[in-house]
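Inspection log for the structure reproduced underneath, given as structure tokens.
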Amino acid sequence: MDSSFRSQSSQRRHSQRPPLSLAEVKRQLDAAANEKWDIIKPIRTILKNLKEGNDDILKEIFVFSINQLNGDELINSKGRELIGLLLPEVDKLQGSSLIELSHSFIEGIKDGTVSNGRSIELFPKILSAILNQKSTITAQQQGGANATMSGRDWKCHLVNSFFSCKWSPSCVLQVVNVSRDAPLESEELQFLIEKLLRVMKTLPVQELPPLIHQLLLVAKIGQYSLVLTGIKDLFNRTDKENDENTDQNGGGEIDLMEAGTSQAEVLRSEGTALLHADFALKQNQELSKEFWKLLKVSSSLFYPSNYTPFILSLALSQSNIIGLGDTVMDNLKAIIVRCFKEKENITNSYWMLELSEHRAVPDIDEIFLRIVENSVNGWDLVMQGLINLSFSIFDSFSPKNSAASYQNTPQMKACILGGNILIKAFKSQSFVRSEVLTQLTNRILTSSTVYAGHYISILAEMTRSSPQVLLDIGPQLKEVFTYIMCIPSSSAISLIKAILPLVQFRASYRDSLLLTLRKSLFSKEIEARCAAVGCSLLLAKNFKVLDSAGSQDDFSYSSQSQTLVEVHTSSGGRSSNESICLEILSMLRRSFTHQEPVRLTLYESLSSTFSSNAKLSGHILDLLLDHFTKYYYEDDEDLLPPLKLSSCVARNESSDSYIKREPLSDLLNCLQLCTKQSIEWEEKGVEQVSHLERLKKILRSISRRLSTCDLDDFELDKSGDYLMTTSVGSKNHLTAALLLEIYEVALDYTFSIEGVSDASCNLLLDLFVKYQSVLDVLTEKGGSAGKKNLMRRRLLSSSTTLLFLKSLFRDTLPAHQAPLTLLRESTNFVQYILNATLLNIKMSPNEATPWCWGTRHDNSSIKNYQFLVSIAKILYSQLECPSIQQQAGKKKDKGKSIASLCLECFSEICHVIITCYKDNLISFAREITRGGGGGANEGDDTNDDEQLHIVIRHIQQLVASVIVSGGRGTGSSRGVYVVKDVVFMVSVISSLTDHLDRKSSQCLQVFEWLDDLCRQNNIDDQTVTKSLFSFLLSLQHRINKSIKNLCKIAPDIHFITGDIEEDVELSGTRVYMIINTENVRGPILTSFQNHLDFILVNCENILNVLKLELKNDVSDSIGTIEDILGQFCDRLHRLAIVFTELSQSAIPPGPPSDTLVKNLVKFYSLLSETVKQQAVLYGKTATLHPKFVKAAEAIGASLTLSQKIYLFLIYWQRKQQENMELVQGKKGKGKGKAVVGMAQVKREKRSIPKLIYWIEDYEKQLIQLGKKSKYKLMDSYKRSVSRDFQIKDSTLNELLNQQEEDIEDDEEEMEVEENGGGEDSDCGGSAAPKSKRLKRET
């Protein structure tokens, strides 16, 4: 009762209180603010007692509260409470008050008073209240004048004023936060985003990440592309400023956007923004779709501006999403390969080089390597994607063999990039090292049938650059030893060689590896035994036994990791290494009884170990000599034969053939290599080798006795069976092949050890005569398989071939001339030496360090380069100066002439140098021209282009002399060259010209010389024609953007092939005499069509550039667009001239005509797309380009290309029909040709409809553009009746009657064969007519 009475009394008192005046409210609020009271309580009291209609008081409360929120005295919790009190009261304000409050917020944004962002949270609610006003609002604008508008109009006006004013940098983030809740229309949101993207360029980099985060949340469907492009451009600009300032400041700290901002801070800010963007993409599916659309378009249409570190990193961060990883990898691989292809196109095309100024191709490898470097500054989320991308590249484009790793293709460049990413990531990021190593080793250990050299090269580079890191994760690497024998022996040896420094440094690695190798020697798998032998001797080779215990002379230093790894096993020094090596040699004793592949590996590795570890020489020779004496008759010096070859060949247990059990030639070669190394040590005083005199005696005796042996001494007969398909033949063949290799070893020893003397040269010739007799027998009687096996390898070493060449071509000592004359007069012997040299040159890339990961070359690679240079010096002088070639040319000898062999060897050396030692090409050219013949010392003071041109000029003289002489000899000063030798000469000129500056006078001279050569000489040889003509087309395209020469070549082709209308007689003269009836249907048409295809591909790329320019704002780039379009239309005009000539040429059905139709399809698709782009440009400029109009009119009027194409298709089909009828008329021979004919028909079904469609589409687009522009573009076009397809009744009835007659004939043949085929029923004779009939019916 009391409580209810008090409540009623309280209500009466409140109702009796007078209403609050505005002055009283101001006094209370000011008092609360001045005394620093809790302002929430008086505001709550005032709002509670405030009656409706007191708009002035409510507005005053809002103004006071906004000022308090903008200040720093109010704590955040109180500020949030105050905002919570005010938000429900917004709807009670009148429209004019709402407008006035909005103006106050706009002023606060301008002067920065709302920097803390608390008061501006009221602004979205105020805008919503204004929008909901039903009546018009009269209020004062910011300019002072009153205006009356609806609530919606006031909202739009305020939003426009809010977004148009100059924002204080401290308020930008608050503006974005407010915009998320504000009632904005799509146009207003678009305006906001554009304004924010402009403002972001002026902000410090530290403030960008949260702003980007809010911007991604604000954007709606339709603005995602704008936001992503704006962020991409922002960071692209940041990176450019970063690079410029880094270059100016020498790589130190830079000033970017504001003073004091370091490069690391910039990268960390970008990393934070990347993290926000990654989160937004994962949360917003529509945003993610827009991003992938942007990336996919970039990979297909090639937009280089989208290939920035930020965009690519954002794509990599999405690769760990389930179901999206493969898509990410495919898009990124396509982008990488496309960039490398574009660079290749620019290298091969002068026109592409000029237009690349409008669309620079990004250095995609540098971009990805920069992403790896940025990972240490907050870009960690991309590392997993980078690792996956690298291995995905290898899975798609990895080389199939060691030779493929030297190919300079876009796919191989992508593999190089993948390897560099793995190496840098392994070095810079600790959390990915374990995964990188695991994936590398897994791929190596599971590559039993796949080449794994590139993976091993990466591991070797990691060992070199980061040895301590690999030691830290040792247990993982130690597990590799368990499975190492499951891979091919070559991969196993390379793998151990890659990680050998770690094995030498850590004893646990060494012991584990030795245990695995010991077990593998007892394996049933031959490959595992070979791997065990090779790896064991690799350890023995590198665990050097030194004179003093503490002396160590091999170190591996890593400047990157600042870690010095001493390459020795333990503190035991000499005794420890020696015990390990002796243990290995004792393990390998049983390998002398293993299969032939194991012994081959053993002998090859033992000679290498002997040369590297001198202190083991005695032990190695003991092993070799003990085994060799089993096959050598040492007691009797006159006994023939000296070797037991019959013991080296044994019957195969599983078949009736024979196998080689002991590779005696390799064993003997190992002994003679050890002998040469021992003599060298003895001369230098390095080591005294035991058994040296015995070795010399044995080898000298074997060489002498072999020179007097005949085939009969080895139980071989010249008239015997040497085919590998029979039992006796396989035994004879293996024995003779083994004897052939033994003779090579004897030749090697005799010349390299005995030197140049009358006795040695006579012995050499005797040995070679015996060698030649055995070779003749195997060549004549060994069959095709035997001939192939003979050319697989030579045991004549590289050093010996070099010694032979120096003596034969360079030795001028008087005492040596008489014995060397005997060798020089033997043309077959000189040919043999050159053939052996050529084989050694072709095998030399196996000795080169793969250039994929760094330009370092190890010792063997450097020695190989020096060998190539030495050989090239000799051969280059032989190309210019007379030598033994003159005497050799007087005889008719088998095989190529000596001059031709010298040229082929020189061409192969140039190929190897350019492929494997490209950085040394200029020094190579200087070396061969310094001290050589014909240009000696010419290149001492010349630049790079001039130096290469010296070599090119000398080869040009050879080409001219050969072609002028017609291959019948090039004069008394040179040897005999044939026309086919021009192929090698052109190969050298072409490969060297590729490294000339395309704008240099030297490159222009080569083109003018080549052009004159093709114009003036009529060459019948198709191989030479193809090399010269292809070189002419590619070089012309590389140094000149014009294709005028094509317009001269096409009429020549038309003149030689004739016209499709037989009654038309062509008149005129040829421009290029190289085009003749012998080669026009072969190499000329093939090369010309391929070159046209290459030009059309370039045109497609340029058209993409035009599309990209037209998609951007053309106001600033209209001149560029018109320039590109003008050049493009001019090129299309010239191509139309070329295709007009070709479509009138009587090209027979086959590959050339098929390629012509495909090229016409591409050409008309380009024409159609060009008309579309001209229509887009016309919509912006209201004019047509004059060259476009000229080309369109020429194609329709003067060229009438489409009509001639239809006539060509009719001619083509008629010729095919004639060929088919000719085939059907030949009984019993038409089955295979009919299959070819059906394939031709299938190709026609795909190509001809496409061609007709694009012709019609081009004319349709031209008609539409003519109507739009009021130009009469189609007046010059004549509608051809050739494309009207009609069903002729007479022809149809004739074909149907012929088909019925054929069916009746087949049925009669079947009845005859069924009635009279009883005797042949077992042979299935009745089946053939049935299948034939079914085929005809089909």
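Values below: every heavy atom of this structure, side chains too, minus hydrogens, waters and symmetry copies.
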By salt bridge (charged side-chain N to carboxylate O under 4.0 Å, His left out), Glu89 pairs with (sequence neighbours left out) Lys92
Under 3.5 Å donor-acceptor, Lys1180 side chain and Leu1110 backbone:
yes
So does Leu101 get a backbone contact from the side chain of Ser104, meaning a donor-acceptor N/O pair under 3.5 Å?
yes
Taking the side chain as everything from C-beta on, heavy atoms only, tell me whether Val199 gets closer than 4.5 Å to Lys195.
yes
For the atom pair CD (Glu286) and CG (Leu281), what is the distance rounded to the nearest 0.5 Å?
12.0 Å
Minimal non-hydrogen separation, Lys1268 against Ala1175, with atom names:
NZ-O, 3.5 Å
Treating Lys155 as the side-chain partner and Pro183 as the backbone partner, does any N or O pair qualify as donor plus acceptor under 3.5 Å?
yes
Given the rule in the side chain to side chain donor-acceptor pair (under 3.5 Å) test, do Gln318 and Asp278 qualify, once you have shown the distances and angles that lead to the verdict?
CA-CA 7 Å; Gln318 302 293 299; Asp278 173 61; 2.5 Å; yes
Measuring from Ser96:OG to Gln133:CD, what's the distance to the nearest 0.5 Å?
9.0 Å
Any donor-acceptor pair under 3.5 Å from Ser97 side chain to Leu93 backbone
no
Spacing of Glu188 atom CD and Ile193 atom CD1 [to the nearest 0.5 Å]
12.0 Å
Side chain to side chain contact (heavy atoms under 4.5 Å, CB included) between Trp379 and Glu270, intermediate numbers included
CA-CA 8 Å; Trp379 296 40; Glu270 290 188 24; 3.3 Å; yes
Validation row: Leu1106, Gln1174 side chains within 4.5 angstrom (heavy atoms):
no
Between Phe291 and Ile311, does a side chain to side chain contact (heavy atoms under 4.5 Å, CB included) hold up when you go through it step by step?
CA-CA 9 Å; Phe291 173 75; Ile311 291 294; 4.1 Å; yes
What is the minimum heavy-atom distance between Leu216 and Ala277, and which atoms define it?
CD1-CA, 3.6 Å
Which heavy atom of Ser1269 sits nearest to which heavy atom of Tyr1178, and what is that distance?
CA-OH, 3.3 Å
Test item: His103 and Leu158 side chains (from C-beta on) under 4.5 Å apart, heavy atoms:
yes
So how far is it from Leu267 CG to Asn374 CG, rounded to the nearest 0.5 Å?
4.5 Å
Please lay out, stage by stage, how Ser319 and Leu324 fare under the test side chain to side chain contact (heavy atoms under 4.5 Å, CB included).
CA-CA 6 Å; Ser319 62; Leu324 198 59; over 6 Å; no
Between the CD1 atom in Ile130 and the OG atom in Ser150, the distance rounded to the nearest 0.5 Å is 11.5 Å
Testing Leu274, Val382, Thr308 for side-chain contact (heavy atoms from CB on, under 4.5 Å) with Leu314, which one passes?
Leu274
Got Lys1107 and Glu1169 here, is their nearest side-chain heavy-atom distance under 4.5 Å?
yes
Counting only heavy atoms not in Lys1267, do more than 12 sit closer than 6.0 Å to its NZ atom?
no
For the residue pair Ala315 and Val328, what are the closest heavy atoms and their distance?
O-CG1, 3.3 Å
Can you find a heavy atom in the side chain of Ser317 that is under 4.5 Å from one in the side chain of Leu381?
yes
Can you find a pair of side-chain heavy atoms, one from Lys220 and one from Ser186, that are under 4.5 Å apart?
no
Could you tell me whether a side-chain N or O of Asn236 sits under 3.5 Å from a main-chain N or O of Lys232, the two making a donor and an acceptor?
no
Minimum-distance pair of heavy atoms, taken over all atoms of Gly151 and Ile137
CA-CD1, 4.2 Å
Can you run down the ring-ring contact (aromatic ring centres under 6.0 Å, His included) pairs that involve residues 191-239, sequence neighbours left out, and say none if there aren't any?
His213-His276, Phe235-Phe310
Within the distance-only criterion (no hydrogens, no angle test), does the side chain of Asn284 pair as donor or acceptor with the backbone N or O of Ala280 below 3.5 angstrom?
no
Can you confirm whether Leu1184 sits close enough to Leu1265 that some side-chain heavy atom of one is under 4.5 Å from a side-chain heavy atom of the other?
yes
Non-hydrogen atoms of Leu86 and Phe62 that approach each other most closely:
O-CZ, 3.3 Å
Decide yes or no on side chain to side chain contact (heavy atoms under 4.5 Å, CB included) for Leu234 and Leu197, but give the supporting numbers first.
CA-CA 8 Å; Leu234 173 66; Leu197 292 174; over 6 Å; no
Nearest 0.5 angstrom please: Gln190 CD to Glu187 CD, how far?
8.5 Å
Just so I know, are the side chains of Trp154 and Leu131 near enough to count as touching, which here means a heavy-atom distance under 4.5 Å?
no
